[in-house]
Novice: 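Here's a structure for you.
Model, not experiment: these values are computed from the prediction. Numbering starts at 1 and runs along the sequence shown. Note that these values count all heavy atoms, side chains included, but never hydrogens, waters or copies made by symmetry.
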Amino acid sequence: MDIDVLNMFLVAGGTLLVPILAFVTSFLLWPAALINIYYWYWRRALGMQVKYSSYGNYQFCYTSRGKPGNKPSVLMLHGFSAHKDMWLSVVKFLPKNLHLVCVDMPGHEGTTRSPLDDYSISGQVKRIHQFVESIGLNKKPFHLVGTSMGGNVAGVYAAQYPTDISSLTLICPAGLDYPNDSTFLKHLKGLEKSSPDDQRIPLIPSTATEMQEMLRLCSFVRFKIPQQVLQGLVDVRIPHNEFYRRLFLALVDEKSRHSLHENMGKIVAPTQIIWGKQDQVLDVSGTEVLAGSIRGCQVEILENCGHSVVMERPRKSAKLMADFLSSLQSTENNKKHD
């Protein structure tokens, strides 16, 4: 989602006050144009390089830092209507000796968008496997991270390509049959009953007011956001809304709706589950479903946190992932010494 833009001054930490004030002034006047500058700055500051790879005629856009080494590489999959740069707030707190790769999911940002492509979860899993092969990431097993839609894709990927995966982190993943309906799912069901022809989807805003409602839905933290900023965030998204609608319909179709649920029993990699307790998009009861099916998985429920876990709690998310990877490395080293 777009909450990471709202964290920029917290991350900036007061350095270079005059340039930042100038940036703020420009942001209020031309918010949509300057959002890209914000991402460019933090990619540069964090050493994340934009790269491209191809699989046949299909192009993937991704960012990376570091090189493959003794530790598993980390591939991160973003959620619905987001992009690779949503992970920057987490990258800031991850160890610099990790090889990190953040890819734009199929149809998003710099990755190919085709009306002929299959945007179901199984279709996206195939595309991500093509990406992995195109950069040779699976020469050694890697750690896979996914949030929301990306969590659904990551879980199914781990089930279908087990030899590629050393370990798995799922952050409030979609694709489950949740014991409890979330606020978002209740809203969608209400729309279907009251007005079947109503095509409004809360995750696809087209006005500043709808943008604010989406942010409230996705985040437990309540931000006071200037109207100009909200409009800028909407302006960036509007050209892509037709694609987002098509993608959303593919995700809620019977073919994809419960993809993770149908595949979770096949996941054999060590798995970590992270979920915001106050998630209004995908109910936290999903942790019970995964814990009951994935043997030995670790569950972390974050208090005072909504669906946008990596945006609301980036430091905590990074620490949980880093600690999980360290514990697996320690276990592996102990086995070698036995």
Side-chain angles (χ1 to χ4, degrees), residues 1 3 77-82 120-121 145-156 158-159 168-196 198 200-205 210 212-222 244 247-267 271-313 316-317 320:
M1 297 304 170
I3 298 174
L77 308 182
H78 64 73
F80 172 80
S81 78
S120 68
I121 293 301
V145 182
T147 183
S148 196
M149 177 192 77
N152 193 353
V153 174
V156 176
L168 178 68
T169 295
L170 301 178
I171 304 174
C172 50
L176 297 172
D177 186 2
Y178 304 88
N180 302 324
D181 279 350
S182 66
T183 300
F184 175 62
L185 290 180
K186 289 177 182 175
H187 178 76
L188 287 183
K189 290 179 179 179
L191 284 178
E192 289 175 357
K193 291 179 181 178
S194 61
S195 43
D198 192 335
R200 289 175 301 165
I201 300 172
L203 297 181
I204 308 178
E210 290 176 357
Q212 188 169 46
E213 291 172 354
M214 188 194 78
L215 293 176
R216 287 174 178 167
L217 178 68
C218 294
S219 175
F220 176 77
V221 178
R222 293 292 177 259
Y244 294 154
L247 173 60
F248 183 83
L249 293 176
L251 296 176
V252 298
D253 185 77
E254 288 185 6
K255 183 179 178 182
S256 294
R257 188 177 302 176
H258 298 139
S259 290
L260 178 55
H261 201 104
E262 294 162 0
N263 284 273
M264 60 185 176
K266 303 173 189 174
I267 297 174
T271 302
Q272 175 187 51
I273 313 295
I274 304 175
W275 218 300
K277 189 173 183 180
Q278 284 74 31
D279 192 334
Q280 297 183 83
V281 178
L282 299 170
D283 193 77
V284 69
S285 59
T287 56
E288 303 167 15
V289 177
L290 292 168
S293 296
I294 303 175
R295 185 176 178 181
C297 74
Q298 296 183 17
V299 176
E300 305 284 351
I301 298 177
L302 306 186
E303 295 281 350
N304 301 321
C305 184
H307 185 65
S308 300
V309 173
V310 298
M311 299 300 117
E312 296 179 71
R313 305 288 291 280
K316 181 67 174 179
S317 299
L320 288 172

Novice: Side chains of Pro202 and Leu188: does their closest heavy-atom pair fall under 4.5 Å?
Specialist: yes
Novice: Using the test side-chain contact (heavy atoms from CB on, under 4.5 Å), find all partners of Ala159 that sit at least two apart in sequence or belong to another chain.
Specialist: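 Ala159 satisfies side-chain contact (heavy atoms from CB on, under 4.5 Å) with Asn263, Lys266, Ile267 once adjacent residues are dropped.
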Novice: How many angstroms lie between atom OH of Tyr244 and atom CD1 of Ile204, to the nearest 0.5 angstrom?
Specialist: 9.0 Å
Novice: Quick one: side-chain contact (heavy atoms from CB on, under 4.5 Å) partners of Phe220, sequence neighbours excluded?
Specialist: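 Gln278, Asn304, Glu312.
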Novice: Would you name the heavy atoms of Gly286 and Pro179 that are closest together and state the gap between them?
Specialist: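 Closest pair (atom of Gly286, atom of Pro179, distance): N-CD, 4.4 Å.
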Novice: At what distance, to the nearest 0.5 angstrom, does CG of Leu168 lie from CD1 of Ile273?
Specialist: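 The CD1 atom of Ile273 is 7.0 Å from CG of Leu168, to the nearest 0.5 Å.
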Novice: If you look at every heavy atom in Pro173 and Tyr178, which pair is closest and at what distance?
Specialist: O-OH, 2.7 Å
Novice: Tell me which pairs pass salt bridge (Lys or Arg N to Asp or Glu O under 4.0 Å) where either residue lies in residues 251-264, with sequence neighbours left out.
Specialist: Asp118-Lys255
Novice: Could you tell me which non-hydrogen atom of Val310 sits nearest to which non-hydrogen atom of Ser317, and how far apart they are?
Specialist: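 Closest pair (atom of Val310, atom of Ser317, distance): CA-OG, 4.0 Å.
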Novice: Report the distance from atom CG of Leu260 to atom CE of Met149, rounding to the nearest 0.5 Å.
Specialist: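 So the CG of Leu260 and the CE of Met149 are separated by 13.5 Å.
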Novice: One pair to check against side chain to side chain contact (heavy atoms under 4.5 Å, CB included): Arg222 and Arg216. What are the steps and the verdict?
Specialist: CA-CA 7 Å; Arg222 293 292 177 259; Arg216 287 174 178 167; 4.2 Å; yes
Novice: Could you go through Met264 and Leu176, starting from their C-alpha distance and side-chain angles, then the distance that decides it, and tell me whether this counts as side chain to side chain contact (heavy atoms under 4.5 Å, CB included)?
Specialist: CA-CA 9 Å; Met264 60 185 176; Leu176 297 172; 4.1 Å; yes
Novice: For side chain to side chain contact (heavy atoms under 4.5 Å, CB included), just list the numbers for Leu203 and Phe184, CA-CA rounded to whole Å, side-chain angles, deciding distance to a tenth of an Å, and then say yes or no.
Specialist: CA-CA 9 Å; Leu203 297 181; Phe184 175 62; 3.8 Å; yes
Novice: Stepwise, does the side chain to side chain contact (heavy atoms under 4.5 Å, CB included) test hold for Leu215 with Ser219?
Specialist: CA-CA 6 Å; Leu215 293 176; Ser219 175; 5.7 Å; no
Novice: Taking only residues two or more places apart in sequence or in another chain, which ones pass side-chain hydrogen bond (donor to acceptor under 3.5 Å, both in side chains) with Thr271?
Specialist: none
Novice: If the condition is side-chain contact (heavy atoms from CB on, under 4.5 Å), which residues does Glu210 pass it with, not counting sequence neighbours?
Specialist: Pro205, Ser206, Thr207, Glu213
Novice: Side chains of residues 287-303: which donor-acceptor pairs under 3.5 Å do they make with residues two or more places apart or in other chains?
Specialist:
residue	atom	partner	partner atom	Å
Thr287	OG1	Val284	O	2.8
Ser293	OG	Val289	O	3.4
Glu303	OE2	Lys277	NZ	3.2

Novice: Test of understanding: with side-chain contact (heavy atoms from CB on, under 4.5 Å), list the residues that count as partners of Ser256, not counting sequence neighbours.
Specialist: Ser120, Ile121, Ser259
Novice: Test of understanding: with side-chain hydrogen bond (donor to acceptor under 3.5 Å, both in side chains), list the residues that count as partners of Ser285, not counting sequence neighbours.
Specialist: Asp283
Novice: Checking Asp181 now: which residues fulfil side-chain hydrogen bond (donor to acceptor under 3.5 Å, both in side chains) with it, not counting sequence neighbours?
Specialist: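 For Asp181 the side-chain hydrogen bond (donor to acceptor under 3.5 Å, both in side chains) partners, ignoring immediate neighbours, are Lys189.
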Novice: Report the distance from atom CD1 of Ile274 to atom CD1 of Ile171, rounding to the nearest 0.5 Å.
Specialist: 4.5 Å
